[in-house]
Amino acid sequence: MCDRCHSPHHLPLATKASEARAWDSPANRQQIIWSVVCQIPSGRTASYGEVARRAGVPGLARYVGRTLAQLPPGSQVPWHRVVNAQRRISFSLDSPQGQEQKLRLEAEGITVEKGRVAKRVFEG
DNA sequence: CTAATGACGATTA
DNA sequence: CTAATCGCCATTA
């Protein structure tokens with residue numbers, strides 16, 4: 001069990017046979033997605049859609065966002081490294097969460113300009 | 001039951 | 001570049 005992402009780390013993601021079983025429980029979906037986010041290296045970002053693809057559920061970007069919103073307070077999961085496909089922070093920049101995300105990214109050396117991160121650090 | 005609503009995305013105008 | 005549309009899916013009203 002990974003104390004950072006609240007899930008068994010490096011899950012053997014989805015050989016199609018086991019995939020259906022892994023996704024049958026909401027708790028498992030949570031774990032898989034959090035685990036994937038945990039694997040985004042510091043100083044880089046990934047889109048919601050990319051996280052969904054790596055989790056074995058292409059097209060469910062929206063679901064990823066919903067799941068990140070369910071992270072327990074004080075979680076070590078690097079949720080701030082997830083931005084949208086336009087490389088923009090999905091929160092309003094005025095919002096506390098938008099500010100928080102910007103600060104966290106900058107703390108990793110990622111400059112955020114107009115709510116946008118550089119192409120260099122972005123994995124689609 | 002339907003309708004609206006998101007930490008979304010691809011396409012089109 | 002922005003904005004609108006449609007598809008996506010779970011939750012909520």
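Convention: sequence-line order gives letters A, B, ...; per-chain numbering from 1.
- B:dG6 and C:dG7: their C1' atoms are spaced 15 Å apart (whole Å).
- Between the CZ atom of A:Arg62 and the C1' atom of C:dT5 there is a distance of 13 Å, given to the nearest Å.
- Under the 4.0 Å criterion applied to side-chain N and carboxylate O atoms, A:Arg104 and A:Glu108 are not assigned as salt-bridge partners.
- Taking 4.0 Å as the cut-off between side-chain N and carboxylate O, A:Arg116 and A:Glu113 do not count as a salt-bridged pair.
- Near DNA chain C, defined here as any heavy-atom distance below 4.0 Å, the residues from residues 114-124 of chain A are A:Arg116, listed numerically.
- Atoms CD (A:Gln70) and C1' (C:dT12) sit 14 Å apart, rounded to a whole Å.
- Rounding to the nearest 0.5 Å places CH2 of A:Trp34 at 7.0 Å from OG of A:Ser75.
- Panel note: side chain A:Glu50, backbone A:Thr45; no donor-acceptor pair is recorded below 3.5 Å.
- Partner A:Lys102 forms a side chain to side chain donor-acceptor pair (under 3.5 Å) with one of A:Glu106, A:Gln99, A:Glu100 and no other, that one being A:Glu106.
- Taking CZ from A:Arg29 and CG from A:Leu60, the interatomic distance works out to 9.5 Å, rounded to the nearest 0.5 Å.
- Residue A:Gly59 is classed as having no contact, given no heavy-atom separation below 4.0 Å to the nucleic acid.
- Across all strands, A:Tyr48 comes closer than 4.0 Å to base atoms (heavy-atom distances).
- Checking A:Arg87, A:Gln86, A:Arg81, A:Arg88 one by one against A:Val117, the side-chain contact (heavy atoms from CB on, under 4.5 Å) holds for a single residue, A:Arg87.
- Atom-to-atom distance recorded for A:Phe122:CZ and A:Asn84:CG is 7.5 Å, nearest 0.5 angstrom.
- The residue among A:Arg66 and A:Arg88 whose nearest nucleotide of DNA chain C lies closer to the 5′ end is A:Arg88.
- A:Ser47 comes within contact range of the sugar-phosphate backbone alone, with a heavy-atom separation under 4.0 Å but no base atom that close.
- Contacts of A:Ala85 with the nucleic acid, taken as non-hydrogen atoms under 4.0 Å apart, involve only primed sugar atoms and P, OP1 or OP2.
- Taking 4.0 Å as the cutoff to heavy atoms of chain A, we find the contact window on DNA chain B bounded by B:dG6 to B:dA10.
- Of the residues listed (A:Val51, A:Val57, A:Ile33, A:Leu68), the one engaging A:Tyr63 in a side-chain contact (heavy atoms from CB on, under 4.5 Å) is A:Ile33, and it is the only one.
- Within 4.0 Å (heavy atoms only), A:Leu68 reaches at least one base atom of the nucleic acid.
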